[in-house]
Amino acid sequence: MLKDRLKKTTYIPIGGKKEKEKEEEYPTPAVPKGLWIKCETCGQPLYRNDWIENRKVCPKCGRHGRMTARERIALLEDESSFREWEKELEGDNPLQFPAYSEKLAKAKEITGLAEAVVTGEITIYGQRAAIAVCDAGFLMASMGKAVGEKITRTVEKATAANLPVILYTASGGARMQEGIFSLMQMAKTAAALKRHSEAGLFTLVVLTDPTTGGVTASFAMLGDIILAEPGALIGFAGPRVIEQTIGQKLPEGFQRAEFLLEHGFVDAIIERKNQKEVLGRILRYHVKPSRSVHMGRDTIYLEERDRQIREGREGKLQKGSVWERVQVSRSVDRLTAMDYISRIFHGFFELHGDRLFGDDLAMIGGIATIGRIPVTVIGQQKGRTTKERIQRNFGMPKPEGYRKALRLMKQAEKFGRPIICFVDTPGAFCGIEAEERGQGEAIARSLYEMADLKVPVLSIFIGEGGSGGALALAVANEVWMMENATYSILSPEGFASILWKDSKRAKEAAQVMGITAQELKEWGIVDRVIWEYCDKKEEEAEAYAGYIKQAIKEFIQVYTQKSKEELEAQRYQRFRSY
């Protein structure tokens with residue numbers, strides 16, 4: 001056949017004289033069909049086997065291609081650990097919609113599935129979980145009666161068996177052919193997840209491409225932690241629907257995973273190659289600890305260590321006026337919240353977003369372990385370099401920062417994790433946008449909810465502690481202060497400006513405000529002063545962090561022995577006494 005042969009070729013010698021045209025036939029090499037594919041994002045050709053071995057991720061641009069449900073399960077499960085549930089459960093045609101039954105039959109034939117979700121029990125690094133994985137190959141994993149029923153039954157079984165739930169979402173939304181019956185699945189799946197949560201159990205959602213419509217507006221956004229794959233399309237109304245409905249031009253990257261992370265709706269974006277390790281770590285963090293734990297203790301008791309530090313620090317302490325201590329507390333050379341977190345805790349996994357508006361980089365938070373005990377860690381982060389300090393708004397959180405912190409605190413309460421806060425802020429941000437988004441309400445809500453948290457709360461002032469912006473992380477069972485930290489009703493400059501109409505009298509204000517750790521310890525506002533070196537060499541910082549780590553472990557050991565009622569009562573009486 002003509003397509004199997006090369007066309008006639010004309011040869012021209014180097015001398016430029018045209019030779020006689022001659023025709024030769026060469027057989028075209030046989031290329032198996034489907035051996036090569038083209039990346040839908042970068043357009044580069046990919047050898048299919050390499051693409052599959054790379055977990056269907058383009059090695060050129062990193063695009064995460066769609067996977068079948070069984071392929072995803074195979075990447076996650078410990079060897080042969082998956083046990084499928086409700087394998088034969090399939091949908092019907094409740095509205096007798098024309099040609100819909102034929103579509104269902106065709107989808108079953110193509111995918112080998114009874115419906116668009118595969119459910120069951122899985123083990124990941126030895127940890128059991130219920131799992132439901134949507135398969136976009138089956139009618140774009142649209143949610144009809146059978147999909148909603150399988151997910152609901154999975155959650156119900158997990159609740160009865162005291163298991164966490166993992167949901168891998170992919171969907172074009174509601175299944176139009178099932179009409180109102182499809183709509184009801186949104187409420188049904190949400191109600192099942194509410195019962196699962198009320199039982200104190202954990203739900204993890206992984207959003208994949210695409211997750212839209214009724215699935216986004218139900219179980220996809222109801223995880224305790226929500227992860228996403230890079231570049232995944234995630235939204236309620238799809239881009240085409242938006243453009244055709246309201247004629248609005250959408251910005252680059254709109255409704256992609258990165259867009260949702262920036263706007264506070266996703267905790268983290270995880271590449272496919274790292275998902276099993278990350279899921280295993282997150283599951284470990286959500287095993288509820290005992291109310292009474294033994295954390296271990298160094299051979300040198302903390303009181304003795306305090307004495308040794310005080311005696312050994314002669315000539316190293318910051319001395320001078322209160323104003324000089326204020327300057328030290330603001331120094332860019334001081335250890336930041338992230339510095340303490342990285343030295344004291346193990347395996348910190350940062351979580352992002354307030355689930356309402358955005359992710360405030362001035363407030364960091366996540367889960368980690370200390371002495372094998374899971375804890376929630378929250379801190380105000382100023383940054384070191386000028387670029388980072390601008391990016392983190394100089395440690396001045398906006399409403400979304402306080403709402404993120406409170407979200408993580410309530411999550412910690414649900415799973416019985418102690419909360420450790422690192423306070424370092426000049427104060428809450430007071431810009432126009434902060435007022436528009438309710439800065440006062442966000443701080444007030446934090447004080448309100450922290451007052452009766454049923455888990456131990458420890459707050460450590462590591463630098464500046466300015467006004468309500470600091471107090472919003474300090475309604476704690478105990479409050480500690482670094483020796484050169486400050487804690488005040490307002491900055492000295494603001495204090496002087498309000499009382500004396502002259503911010504230049506800040507040094508004078510600092511002397512009368514009562515803002516040093518030693519003064520606050522005498523008044524009972526602070527429970528412990530942590531002596532510090534002014535020489536911040538790396539080896540001293542590591543040793544110093546080890547001392548603080550041991551103090552935190554002892555705090556956890558003491559306070560986890562208290563009942564929920566005792567923790568709440570102790571915290572209430574602490575602030576009631578002032």
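Count residues from 1 along the sequence. Atoms considered below: every heavy atom in the structure, side chains included; atoms not considered: hydrogens, waters and symmetry mates.
Taken to the nearest 0.5 Å, the NE2 atom of His352 stands 15.5 Å off from the CZ atom of Phe265. Between the CG atom in Asp359 and the CG atom in Leu260 there is a gap of 12.0 Å [rounded to 0.5 Å]. Here the NZ-CD1 distance, from Lys382 to Ile462, works out to 8.5 Å after rounding to the nearest 0.5 Å. Considering CE of Met481 and NZ of Lys521, their distance stands at 12.5 Å, rounded to 0.5 Å. If you take OG on Ser331 and CD on Glu464, they are separated by 10.5 Å, rounding to the nearest 0.5 Å.
Ion pairing of Glu400 with Arg403 is absent here, as no side-chain N (NZ or NE/NH1/NH2) approaches a carboxylate O to less than 4.0 Å. Ion pairing between a basic and an acidic side chain is recognised when a charged N comes within 4.0 Å of a carboxylate O; Arg407 and Asp354 show no such pairing. Look at Arg334 and Asp424 and you find no salt bridge, because none of the NZ, NE, NH1 or NH2 atoms lies under 4.0 Å from a carboxylate O. Glu519 has no carboxylate O lying under 4.0 Å from a charged side-chain N of Arg325, or vice versa, which leaves the two without a salt bridge. With respect to the salt-bridge test (charged N to carboxylate O, under 4.0 angstrom), the residues Glu388 and Arg392 qualify. Comment: Arg128 engages Glu121 in a salt bridge, judged by a side-chain N to carboxylate O separation of less than 4.0 angstrom.
With hydrogens and angles disregarded, a donor-acceptor distance shorter than 3.5 Å links the side chain of Ser329 to the backbone of Val326. When atom types are taken as modelled, the side chain of Ser446 and the backbone of Leu406 share no donor-acceptor pair closer than 3.5 angstrom. Of the possible polar contacts, one joining the Arg384 side chain to the Val332 backbone as a donor-acceptor pair under 3.5 Å is found. Of the possible polar contacts, one joining the Thr216 side chain to the Thr211 backbone as a donor-acceptor pair under 3.5 Å is found. Arg576 places no side-chain N or O within donor-acceptor distance of the main-chain N or O of Arg571, the cut-off being under 3.5 Å. Not one N or O on the side chain of Gln380 forms a donor-acceptor pair closer than 3.5 Å with the backbone of Pro397. In this structure a side-chain-to-backbone donor-acceptor pair under 3.5 Å is present from Asp360 to Lys398. In this structure a side-chain-to-backbone donor-acceptor pair under 3.5 Å is missing from Glu262 to Phe259. A donor-acceptor pair is defined here as one N or O able to donate and one able to accept, closer than 3.5 Å; no such pair exists between the side chain of Thr486 and the backbone of Thr516. One N or O on the side chain of Tyr402 and one on the backbone of Gly469 form a donor-acceptor pair closer than 3.5 Å.
Of the residues Ile225, Leu204, Thr203, Leu201, the one that meets the side-chain contact (heavy atoms from CB on, under 4.5 Å) test with His286 is Ile225. For the side-chain contact (heavy atoms from CB on, under 4.5 Å) with Met450, the lone residue among Ile419, Val457, Leu471 that qualifies is Val457.
Annotation: Ile489, atom CD1; neighbour count of heavy atoms from other residues, nucleotides and ligands within 6.0 Å does not exceed 12. Heavy-atom contacts from other residues, nucleotides or ligands closer than 6.0 Å to CZ of Phe349 number more than 12. Counting non-hydrogen atoms of neighbouring residues, nucleotides and ligands closer than 6.0 angstrom, the NZ atom of Lys194 reaches no more than 12 such neighbours.
The closest side-chain donor-acceptor pair between Gln275 and Glu229 falls under 3.5 angstrom. With hydrogens and angles left out, the side-chain atoms of Thr336 and Gln381 include a donor and acceptor closer than 3.5 Å. Defined by atom type and a distance below 3.5 Å, a donor-acceptor pair is present between the side-chain atoms of Gln411 and Arg417.
Applying the salt bridge (Lys or Arg N to Asp or Glu O under 4.0 Å) test to every pair with at least one member in residues 156-166, sequence neighbours left out, gives these pairs: Glu86-Lys157. Annotation: ring-ring contact (aromatic ring centres under 6.0 Å, His included) contacts involving residues 457-482, sequence neighbours excluded, comprise Phe461-Tyr487.
Taking the side-chain hydrogen bond (donor to acceptor under 3.5 Å, both in side chains) definition, one finds that Gln570 meets it with Asn477, sequence neighbours left out. With sequence neighbours left out, Arg355 forms a salt bridge (Lys or Arg N to Asp or Glu O under 4.0 Å) with Asp267. Partners of Phe575 according to the ring pair (Phe, Tyr, Trp, His ring centres under 6.0 Å) rule, which considers only residues two or more places apart in sequence or in another chain, are Tyr578. For Tyr448, the side-chain contact (heavy atoms from CB on, under 4.5 Å) partners at least two apart in sequence or on another chain are Arg445.
Between Thr189 and Val155 there is no side-chain heavy-atom pair separated by less than 4.5 Å. Here the side chains of Ile548 and Met482 are in contact, with some heavy-atom distance below 4.5 Å. By the 4.5 Å heavy-atom criterion applied to side chains, Arg574 and Val475 are not counted as neighbours. Inter-residue side-chain proximity for Phe219 and Val205 is flagged as unmet; no heavy-atom pair is nearer than 4.5 Å. Looking only at side-chain heavy atoms (C-beta outward), Ile341 and Ile364 come within less than 4.5 Å of each other. Considering only heavy atoms from C-beta on, Leu227 comes within 4.5 Å of Leu279 through its side chain. The shortest distance between side-chain heavy atoms of Tyr125 and Arg281 does not fall below 4.5 Å. Put simply, the side chain of Tyr340 does not reach to within 4.5 Å of the side chain of Val377, judged on heavy atoms.
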